[in-house]
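The next block holds one structure in the form of structure tokens; read it before the comments.
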Amino acid sequence: MQVLSKRDTAAHFNRIVAREVPGGRGLGAWNALLRAHATLMRQLEADLVSETGLALADFDVLAQVALAGGSMRMAELADRALISRSGMTRRVARLARESLVRRGHTDADGRGVVVLLTDSGLDRLTVAAPVHMRGVSKLFVANLDDRELAVLESALAKVTLDCTFG
């Protein structure tokens, strides 16, 4: 097996990129989006964990269920929280062990699993939500003016097709 030099490896990768994205159009924006997302998620996670002990993904699950009025079908929760259904099953099981949510069955057919926010879950969310929203405001909203926020929202809506992870 031949090992390419760093220069040859970089040149090879650059040829692939040039073939697939002529002129590199949009790659700067793409890289900026990825870096911004990673930066924001890491910082929001760190702040939430250090101030409340709650992971960002756990906060998201509790918030999604709260926004749905305190109960939500597991499949819909997995779609909204941007996590796989198997990942959601494990996360909900852990949150249930911590008494932040509980599982139930839908009234309609009894087959679907519903996630219900407990009083402890609502209490935990009540403490975590201000921390998270202050972070969103400070790290994201405060750095953009109203026009930039509107353009960003509109642009990202054009590329958001299906957020389900099945």
Side-chain angles (χ1 to χ4, degrees), residues 26 28-166:
W30 173 248
N31 285 322
L33 174 66
L34 292 179
R35 289 187 179 285
H37 179 268
T39 299
L40 292 169
M41 293 300 103
R42 275 195 298 263
Q43 190 61 56
L44 291 169
E45 172 87 20
D47 292 348
L48 202 55
V49 168
S50 72
E51 293 188 42
T52 71
L54 191 65
L56 184 58
D58 293 343
F59 170 83
D60 189 32
V61 168
L62 297 177
Q64 293 299 331
V65 175
L67 288 168
S71 69
M72 181 180 273
R73 289 181 72 106
M74 180 76 91
E76 184 180 358
L77 179 56
D79 291 345
R80 288 193 185 206
L82 307 179
I83 187 173
S84 69
R85 291 184 186 196
S86 62
M88 182 57 71
T89 299
R90 289 188 299 274
R91 184 164 301 281
V92 166
R94 192 175 46 68
L95 291 172
R97 284 192 301 274
E98 294 177 24
S99 299
L100 301 178
V101 299
R102 68 180 178 83
R103 292 177 186 211
H105 293 282
T106 60
D107 292 334
D109 58 17
R111 293 179 298 157
V113 175
V114 176
V115 178
L116 302 148
L117 189 64
T118 64
D119 290 341
S120 295
L122 184 57
D123 291 345
R124 193 77 183 270
L125 185 61
T126 300
V127 170
V131 172
H132 179 68
M133 296 317 301
R134 277 193 303 269
V136 169
S137 181
K138 175 184 161 196
L139 298 168
F140 181 71
V141 177
N143 290 307
L144 301 168
D145 64 32
D146 289 345
R147 184 188 58 75
E148 291 168 324
L149 289 168
V151 167
L152 184 58
E153 183 177 357
S154 175
L156 293 175
K158 291 179 181 180
V159 297
T160 303
L161 303 174
D162 181 5
C163 290
T164 59
F165 290 92

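Hydrogens, waters and symmetry mates are skipped; everything else that's a heavy atom, side chains included, is used. Just so you know, residue 1 is the first one in the sequence shown, and it goes up from there.
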To the nearest 0.5 angstrom, please state how far the [atom1] atom of [X] sits from the [atom2] atom of [Y].
X: Met72; Y: Leu116; atom1: CE; atom2: CG; answer: 11.5 Å
X: Leu100; Y: Leu54; atom1: CG; atom2: CG; answer: 7.5 Å
X: Leu62; Y: Ser120; atom1: CG; atom2: OG; answer: 10.5 Å
X: Glu153; Y: Lys158; atom1: CD; atom2: NZ; answer: 12.5 Å
X: His132; Y: Glu51; atom1: NE2; atom2: CD; answer: 12.5 Å
X: Gln64; Y: Phe59; atom1: CD; atom2: CZ; answer: 9.0 Å

Between [X] and [Y], what is the shortest heavy-atom contact and its length?
X: Ser71; Y: Val114; value: CB-CG1, 3.8 Å
X: Ala128; Y: Leu48; value: O-CD1, 3.6 Å
X: Arg103; Y: Thr89; value: NH2-O, 3.1 Å
X: Leu44; Y: Val136; value: CD2-N, 3.6 Å
X: Thr118; Y: Ser99; value: OG1-O, 2.6 Å
X: Val49; Y: Ala55; value: CG2-CA, 3.9 Å

Exercise. So, are Arg124 and Asp58 salt-bridged, with charged N and O less than 4.0 Å apart?
Worked result: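 So Arg124 does not pair with Asp58 through a salt bridge.
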Exercise. Above 12 or not: heavy atoms from other molecules or residues under 6.0 Å from CG of Asp119?
Worked result: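 Counting neighbours around CG of Asp119, 12 or fewer heavy atoms of other residues, nucleotides or ligands fall under 6.0 Å, so no.
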Problem set entry | Stepwise side chain to side chain contact (heavy atoms under 4.5 Å, CB included) test for His37 and Leu40 | CA-CA 5 Å; His37 179 268; Leu40 292 169; over 6 Å; no
Exercise. Should Val65 and Leu125 count as side-chain neighbours, where that means a heavy-atom distance under 4.5 Å?
Worked result: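 Of all side-chain heavy-atom pairs linking Leu125 with Val65, none is under 4.5 Å.
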Within the side chain of [X], is there an N or O that forms a donor-acceptor pair under 3.5 Å with the backbone of [Y]?
X: Glu45; Y: Leu56; answer: yes
X: Thr126; Y: Leu122; answer: yes
X: Glu148; Y: Asp145; answer: yes

For this session: Applying side-chain hydrogen bond (donor to acceptor under 3.5 Å, both in side chains), name anything that partners Gln43, two or more places apart in sequence or on another chain.
Result: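 Only Asp47 meet the side-chain hydrogen bond (donor to acceptor under 3.5 Å, both in side chains) criterion with Gln43.
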